[in-house]
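Please read the structure below before turning to the comments.
FYI, the numbering just counts along the sequence from 1.
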Amino acid sequence: MFHQEPPSVPVGTQRPVRANPPASWKFLAGVLAGILLPLLMAEMFLRGFPPEDIHEYLGEESPTTGVYCADPEIGADYRSFEDFQAGVEPMIKELGPLTSPLATWALFGNSFVQAGGMLGDTASAALPDIRMFYLQNNEPLFLRVAQARQLLRNGLRPQQLIFVIMPIDMLRLGKQPLSAIQVNERGAITYRVRSPEGPLSILNKTSRLALTLWVRSGQHVTHPSFRGSVVTSAVPSWLEEDLHTMLRVLGELTREYGVPSTILLLPNREQIFGQTQFALQDSIVAICQAEGLDCYDARELFLNDSDKPSLFLPDWHFSERGNHMLFQALQDHLSSLPNNKASKP
């Protein structure tokens with residue numbers, strides 16, 4: 001047998017050696033792939049199927065549609081009376097023609113007005129010959145002003161307009177002021193997102209995943225440290241400015257259309273039980289005086305009551321007794337006003 005010699009390699013020439021990557025690099029590449037791939041998949045999923053809790057922070061990319069348009073004063077209004085009417089059609093039909101000469105009251109407020117057995121129902125039962133208009137759904141404070149404007153512009157002339165404000169109404173407005181509202185081209189109300197400082201700001205604007213985490217952290221709102229309970233002891237300047245803006249608009253509307261209006265201030269349970277102060281009410285009373293608006297502050301009515309627990313239902317809405325007390329006191333206040341015809345059909 002012949003033995004074949006390996007081919008000779010010229011002197012000074014090295015054989016090429018195939019280098020294998022170090023094991024540490026392989027490990028690192030695997031770790032990065034394990035991290036980045038799920039993040040990429042999450043990003044793609046959130047772009048295709050954004051969770052509902054971030055819809056109102058997506059601006060023009062929000063899948064939500066609505067019936068609103070931007071308003072330079074209160075942030076948002078309805079695009080038209082038809083859009084507004086479609087959303088409250090049962091109540092509009094029950095009310096009848098807006099231009100009817102029948103005596104009418106219009107009440108705007110949260111569930112302490114709108115819910116079954118509350119102030120709206122109490123007023124209806126006490127004054128059956130007067131049409132009572134209340135929407136029976138809970139809207140943000142700025143939309144209540146927009147609703148009043150839509151109704152007055154389209155012919156409603158109530159003998160009395162009652163606009164109810166409570167500390168709980170400040171919860172959203174304190175975190176997201178009027179300046180944060182932006183209505184997208186699809187007619188949806190969305191809110192500007194407060195961006196974190198530094199490089200995270202860019203990440204927040206480019207990554208849907210980062211935005212989702214930021215929203216769920218609670219730091220995305222304009223004033224993340226705001227707590228609703230603070231308004232009973234001190235009203236932040238931005239909140240006072242927004243309240244002044246909305247009440248100024250409401251005052252101008254009611255004067256323009258010759259409609260008597262009263263701002264009704266209701267205390268919360270902590271105020272009634274003497275656990276906190278009345279800074280919000282004091283602030284609104286001062287604003288009403290500046291804007292020429294009638295204001296009835298019901299604090300003394302409830303503070304002077306000898307059986308405070310019976311004023312409330314288990315869910316802390318006012319009881320039947322509490323609502324009757326409130327309505328009677330409101331009637332007494334209205335009757336004391338010069339040339340007032342609110343309680344007469």
Side-chain angles (χ1 to χ4, degrees), residues 107-126 134 136-141 144 162-176 218 221 223-240 242-244 246-247 262-289 293-336:
L107 294 88
F108 301 88
N110 59 29
S111 59
F112 279 74
V113 174
Q114 314 291 354
M118 296 297 112
L119 183 61
D121 285 354
T122 302
S124 293
Y134 47 103
Q136 300 173 8
N137 59 351
N138 204 349
E139 300 285 8
L141 204 58
R144 296 176 210 165
I162 306 293
F163 199 87
V164 179
I165 302 178
M166 296 184 67
I168 195 173
D169 293 320
M170 303 301 110
L171 184 57
R172 166 161 280 204
L173 189 63
K175 289 180 177 290
Q176 295 283 53
V221 296
H223 301 290
S225 62
F226 176 82
R227 297 293 179 269
S229 58
V230 74
V231 298
T232 57
S233 55
V235 182
S237 59
W238 71 84
L239 182 55
E240 192 167 44
D242 280 354
L243 284 168
H244 202 146
M246 290 184 289
L247 291 175
T262 294
I263 308 303
L264 173 57
L265 304 180
L266 300 186
N268 63 18
R269 66 176 182 269
E270 290 82 8
Q271 291 175 318
I272 291 173
F273 284 105
Q275 298 169 357
T276 188
Q277 301 172 346
F278 289 83
L280 177 66
Q281 286 88 342
D282 292 338
S283 178
I284 295 177
V285 167
I287 293 171
C288 288
Q289 290 174 347
L293 280 164
D294 176 53
C295 181
Y296 175 56
D297 182 353
R299 74 175 81 174
E300 295 300 328
L301 171 70
F302 294 109
L303 285 177
N304 294 332
D305 190 72
S306 59
D307 186 12
K308 292 181 176 62
S310 71
L311 295 172
F312 298 97
L313 297 173
D315 66 358
W316 293 110
H317 281 82
F318 289 143
S319 64
E320 181 178 359
R321 174 175 175 266
N323 277 294
H324 279 293
M325 279 179 51
L326 174 60
F327 179 72
Q328 185 59 58
L330 175 61
Q331 265 198 306
D332 292 344
H333 169 78
L334 296 176
S335 297
S336 70

Determine, stepwise, if the pair Phe312 / Phe318 fulfils ring pair (Phe, Tyr, Trp, His ring centres under 6.0 Å).
CA-CA 4 Å; Phe312 298 97; Phe318 289 143; 5.7 Å; yes

Are Val164 and Arg144 close enough that some pair of their side-chain heavy atoms sits under 4.5 Å apart?
no

CG of Leu171 to CE of Met166, rounded to nearest 0.5 Å, is 12.5 Å

Using side chain to side chain contact (heavy atoms under 4.5 Å, CB included) as the criterion, point out the one residue from Leu301, Ile263, Leu265 that pairs with Tyr296.
Leu301

Side-chain (Ser283) to main-chain (Leu280) donor-acceptor, under 3.5 angstrom
no

What closest approach, in Å, do Phe327 and Ala126 show between heavy atoms, and which atom pair accounts for it?
CE2-CB, 3.2 Å

So, does Ser319 use its side chain to make a donor-acceptor pair with the main chain of Ser310 at under 3.5 Å?
yes

Ignoring hydrogens and geometry, is there a side-chain-to-backbone donor-acceptor pair from Arg299 to Pro267 under 3.5 Å?
no

Nearest-0.5 Å distance, CG of residue Leu330 to CG of residue Leu264:
5.5 Å

List the atom of Asn323, the atom of Gly117, and the distance in Å for their closest heavy-atom pair.
ND2-O, 3.4 Å

With a 4.5 Å heavy-atom cut-off, do Leu311 and Asp307 have their side chains touching?
no

Check: Asn138 main-chain N/O paired with Asn110 side-chain donor or acceptor under 3.5 Å
no

Side chain proximity check, Phe226 to Val231, heavy atoms < 4.5 angstrom
yes

Validation row: Leu303, Gln271 side chains within 4.5 angstrom (heavy atoms)
no

Asp294 side chain reached by His333 side chain, heavy atoms, under 4.5 Å
yes

To the nearest 0.5 Å, what is the distance between CG on Asp315 and OG on Ser111?
8.0 Å

So does Glu320 have more than 12 non-hydrogen atoms from other groups sitting under 6.0 Å from CD?
no

Nearest 0.5 Å, please: how far is CD in Gln277 from CG in Asp282?
9.0 Å

Heavy-atom side-chain contact between Phe163 and Val113 under 4.5 Å:
no

Nearest 0.5 Å please: distance from the CE atom of Met325 over to the OG1 atom of Thr122.
12.5 Å

If you look at every heavy atom in Leu107 and Gln114, which pair is closest and at what distance?
O-NE2, 4.1 Å

Is a side-chain donor or acceptor of Ser335 paired with a backbone partner of Gln331 at a separation under 3.5 angstrom?
yes

I'd like to know if the side chain of Asp121 reaches the main chain of Met118, judged simply by a donor and an acceptor atom lying under 3.5 Å from each other, with no hydrogens or angles considered.
no

Is there side-chain contact between Phe302 and Leu326, with at least one heavy-atom pair below 4.5 Å?
yes

Got a second to check how far Asp242's CG is from Met170's CE, nearest 0.5 Å?
10.0 Å

If we only count heavy atoms from C-beta on, is the Leu266 to Leu119 side-chain gap below 4.5 Å?
no

